[in-house]
Peer 1: 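Below are the structure tokens for one structure; questions will follow.
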Amino acid sequence: MDIKHRIAARAAQELRDGDVVNLGIGIPTLVADHLPPGVDVYLHTENGLLGVGPAPEEWAVDPDLVNASKRPVTQTPGCSYFASDQSFAMIRGGHVDVAILGALQVDAQGRVANWSVPGETVLGVGGAMDLLVGARRVIVTMSHITRDGQPKIVQNCSLPLTADRPVDLVITDLAVFRVMETGLVLTELMPGATLEQVRRRTAAQFEVQLA
Amino acid sequence: MDIKHRIAARAAQELRDGDVVNLGIGIPTLVADHLPPGVDVYLHTENGLLGVGPAPEEWAVDPDLVNASKRPVTQTPGCSYFASDQSFAMIRGGHVDVAILGALQVDAQGRVANWSVPGETVLGVGGAMDLLVGARRVIVTMSHITRDGQPKIVQNCSLPLTADRPVDLVITDLAVFRVMETGLVLTELMPGATLEQVRRRTAAQFEVQLA
Amino acid sequence: MKEKVVSKPEAIAHIRDGMSIMVGGFGLVGAPLELIDELFRQGQRDLTVISNNVGEPGKGLSRLLEAGRIRKAIGSYFTSNPVVGEHALAGKLEVELMPQGTFTEAIRAGGAGIGGFYTRASAGTQLGVGKETKVIGGQTYVLEYALTADVALIRAHKADRLGNLVYRKTARNFNPVMATAAKLVIAEVDEIVEVGEMDPEVIVTPHLYVDFIVQRGGVA
Amino acid sequence: MKEKVVSKPEAIAHIRDGMSIMVGGFGLVGAPLELIDELFRQGQRDLTVISNNVGEPGKGLSRLLEAGRIRKAIGSYFTSNPVVGEHALAGKLEVELMPQGTFTEAIRAGGAGIGGFYTRASAGTQLGVGKETKVIGGQTYVLEYALTADVALIRAHKADRLGNLVYRKTARNFNPVMATAAKLVIAEVDEIVEVGEMDPEVIVTPHLYVDFIVQRGGVA
């Protein structure tokens, strides 16, 4: 299993039977492949579908049926379609149990930056801010460091924050952090990772409470 | 034609083909019987139906199909059902062309009191305030005086106002007033009524601009 | 799959003394009358009821009111039930009266994570007195806050076993919006169908809003 | 009965230079591409476009942008069209970026007579800077105002001749809410049916919101 799938599999363990889950772009989309047996979850996509199914075979693609990444998806039995205003009413109103999303940076308080890189011509926030304030539980899945080796878990984000609300859990290729009142708490090392490695590649203070 | 029907018939002349119209309790409900030929209007009821049809025969009553007075009605072709929040979004958002409603009092500025009589055990406002602020055009139909002979068109309402927005037209058994920037303007006498009569039974200042 | 179909007594047993309860229906039309009867039977008291009307004398929620088990009523039109006015005048019932559009919009806000909103309704009237106002585009708006409840009792026409709901004609009224704004939502329905039998384009209340489903006419 | 079914050129001729236009669609899915093509052909300029995205390079609304005919874009996610970023950095385009939930809620408010509303989204972030805030229930909310437009161009699946609309799958997205918030609403549809052929329980956009209906693939 490659590292992205390992992160996704760890995130999948957090889900409970019956959860309504919104999956962001990237690693989060892999979570659906790793659900534990007996756990049925309902995937919500903010463009207006509760009950997202897996990507279709090419011959079965319906141009009117996409997820929030604009990729073709399918519908599952018991699904429903709705308009964007209703979809975000669900999100902001606390009706989505878990949002799993990627991040560019996470700070020592567990707050996320994932929507803007100043100076780039990329202009967009999409549903990120709404999901961060509205989902009952937010899980971040990401690589522990950037492609050029910089820590992504930092004392203070240099990139603009997505919300003032901290997330609940951060899962990387090296470690799992729970976010408590006091800030980040390292609770698990991913298979093969060492505490020393995590310390070296993390630029934020954190407590250690390994089981 | 009795006087209530005459008032309703006069109000019906104000309607244009294609208008969406909300009819209040009492005289307004009679307006639908007096539409000029070639004028199709769509009746909106705030409990969630656009396209209200006439009352059914007793054998055809559907307990799930009522108007805002909780009386059985029918549906017309092209009608649609919706929830209360959507219904009032239509009303407040200016999507109802005309509201026709009764009033307990109208003041010299054309503002209406029609929801509360202090001291009575009747407690209710319903959709009156929303209709008054939201309908594009508001027409009041009412008897010119109360049952015990008191003027209902008064300089200042003694009863609580329903909205700070003046209505557009007031139709009584004696007269038609348009509401202008300056206040009430008497523009028509109902058949058989005299200016003298109207003056005697009106306790508010008004201009006279009879055609 | 979680089992959401339960008996009336099981569903209503989640209601405890002192709770706030939203109850759907425009008068008795679209009101969850069997759930209300069960609530009457179980005896919970000191309730705050959020409902457009409070039944009619001797019917629906009015039975709870007449038995002195409702502490406060929030709604828009109690005219059709004089018992409300009598109890309010006698100081036995706290009443909060709102324009009907504000009432339903406040519930929507409660379900949609909107903390408050500005409406023209009630500006410059008795019902607007003491409320914060704001001039927007030259017109005075009144600030209203979101309304939520511990439990919502709603009435729908059909449910599937996941909890997706559709309604029937004007019995829809406040039910879909109340389904969004309570911690626990119990739906009384005419018919329960299997998952996948409802057209996903026409579902009015998606299943994430519904906790329990009770079949009308089922065993009490 | 008023005739609402018109040709594309007739419908789009109502748009004039300098107008604000809401355009439905999540990317190109559910976007009224034929109406946009006609708008491109007719040449209106100096437009304010309210749209979640602004097409994709060379496609949909981006063609108008590339031709320098859009003055301002209001939306939530322009990431998928780098042309927006380039024009914005070059000072050729004014951009207003909103959280997607705030964007769609502001449009709903515009259509529903709500002057403004409080949302948690963007509180404490760059997008919330300079906005009025209010603490409600211990949490900071940002005040957002209603969004309306001169014209809305929307895409639906089916219309009846009165203008009742239904949509198809995730092509629904922003179309129903935009249909409520513009002075003039033009719907591009796959199919037009007679009045009475649509089930009144499943109509998503009632006809009072729709001014003109254009049949897709019809004569340009």
Side-chain angles (χ1 to χ4, degrees), chain A residues 25 45-50 52 62-75 79-94 111-134 157 159-165, chain D residues 24 26-30 52-53 56 73 75-89 95 97-109 111-112 119-128 139-141 157 167-178 180 204-205:
Chain A
I25 299 176
T45 184
E46 58 264 38
N47 54 316
L49 169 59
L50 174 63
V52 181
D62 181 334
D64 284 342
L65 181 45
V66 300
N67 64 13
S69 309
K70 297 175 189 113
R71 297 277 164 74
V73 291
T74 50
Q75 64 179 44
C79 74
S80 54
Y81 294 101
F82 33 81
S84 303
D85 51 320
Q86 296 168 309
S87 186
F88 280 93
M90 292 174 192
I91 291 172
R92 271 189 324 256
R111 296 182 303 182
V112 156
N114 77 345
W115 70 278
S116 168
V117 181
E120 291 196 9
T121 57
V122 172
L123 275 174
V125 59
M129 291 188 176
D130 303 282
L131 282 160
L132 265 164
V133 300
C157 292
L159 297 172
L161 288 178
T162 308
D164 58 8
R165 170 190 161 180
Chain D
F26 187 84
L28 300 175
V29 179
N52 189 53
N53 326 82
E56 292 174 10
S76 94
Y77 197 77
F78 305 130
T79 309
S80 43
N81 186 0
V83 182
V84 175
E86 287 158 23
H87 279 238
L89 276 184
V95 167
L97 196 64
M98 305 169 84
Q100 197 166 131
T102 301
F103 174 73
T104 185
E105 186 69 11
I107 297 169
R108 179 188 177 277
T119 174
R120 290 264 303 119
S122 94
T125 76
Q126 226 175 55
L127 291 189
Q139 298 210 290
T140 303
Y141 286 76
H157 179 46
Y167 302 86
R168 192 167 175 280
K169 303 196 175 184
T170 58
R172 193 185 299 199
N173 57 65
F174 300 93
N175 289 298
V177 74
M178 287 181 172
T180 69
V204 175
T205 296

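Since the model is a prediction, treat every value here as computed from it, not as a measurement. Chain letters run A, B, ... following the sequence lines, proteins first and then strands; every chain starts at 1.
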Peer 1: Is A:Asn67 in contact with chain D via its backbone, its side chain, both, or neither, using a 4.5 Å heavy-atom distance?
Peer 2: backbone

Peer 1: Under a 4.5 Å cutoff for heavy-atom pairs, which residue among A:Thr45, A:Leu49, A:Asp62 has the most contacts with chain D?
Peer 2: A:Asp62

Peer 1: Is chain D contacted by the side chain of A:Ile91, its backbone, both, or neither, given a heavy-atom distance below 4.5 Å?
Peer 2: neither

Peer 1: Which atoms of D:Thr119 are under 4.5 Å from chain A, going by heavy atoms: the side chain, the backbone, both sets, or neither?
Peer 2: side chain

Peer 1: Can you tell which part of A:Tyr81 gets under 4.5 Å to a heavy atom of chain D, answering side chain, backbone, both or neither?
Peer 2: both

Peer 1: Test side-chain contact (heavy atoms from CB on, under 4.5 Å) on A:Arg92 and D:Glu105 and set out the steps.
Peer 2: CA-CA 11 Å; A:Arg92 271 189 324 256; D:Glu105 186 69 11; 3.4 Å; yes

Peer 1: Measuring heavy-atom distances to chain A, does D:Val83 have an atom under 4.5 Å in its side chain, in its backbone, in both, or in neither?
Peer 2: neither

Peer 1: Which atoms of A:Ala68 are under 4.5 Å from chain D, going by heavy atoms: the side chain, the backbone, both sets, or neither?
Peer 2: both

Peer 1: Any idea which of A:Ser87, A:Pro160, A:Gly48 has the most non-hydrogen atom pairs under 4.5 angstrom with chain D?
Peer 2: A:Pro160

Peer 1: Go through A:Val66 and A:Asn47 one step at a time and tell me if the side-chain contact (heavy atoms from CB on, under 4.5 Å) criterion holds.
Peer 2: CA-CA 8 Å; A:Val66 300; A:Asn47 54 316; 3.6 Å; yes

Peer 1: Which answer fits D:Asn53, side chain, backbone, both or neither, if we ask what part of it has an atom under 4.5 Å from a heavy atom of chain A?
Peer 2: side chain

Peer 1: Holding to salt bridge (charged side-chain N to carboxylate O under 4.0 Å, His left out), I want the full list of residues that pass it with A:Arg165, two or more places apart in sequence or in another chain.
Peer 2: A:Asp168

Peer 1: Side chain, backbone, both or neither: which part of A:Ser80 has a non-hydrogen atom closer than 4.5 Å to chain D?
Peer 2: neither

Peer 1: Please report the interatomic distance CH2(A:Trp115) to CG(A:Leu132), rounded to the nearest 0.5 Å.
Peer 2: 12.5 Å

Peer 1: Any donor-acceptor pair under 3.5 Å linking the side-chain atoms of A:Ser84 with those of D:Asn173?
Peer 2: no

Peer 1: Most heavy-atom pairs under 4.5 angstrom with chain A, which of D:Gly124, D:Gly85, D:Pro176?
Peer 2: D:Gly85

Peer 1: Only counting residues at least two apart or in another chain, list the ones meeting salt bridge (charged side-chain N to carboxylate O under 4.0 Å, His left out) with A:Asp64.
Peer 2: D:Arg168

Peer 1: Distance from D:Phe103 atom CZ to A:Phe88 atom CZ, nearest 0.5 Å?
Peer 2: 10.5 Å

Peer 1: For chain D, which candidate among A:Leu131, A:Leu65, A:Val73, A:Val125 shows the most heavy-atom pairs at distances under 4.5 Å?
Peer 2: A:Val125

Peer 1: Salt bridge check, A:Asp164 against A:Arg111: does any charged N sit closer than 4.0 Å to a carboxylate O?
Peer 2: no

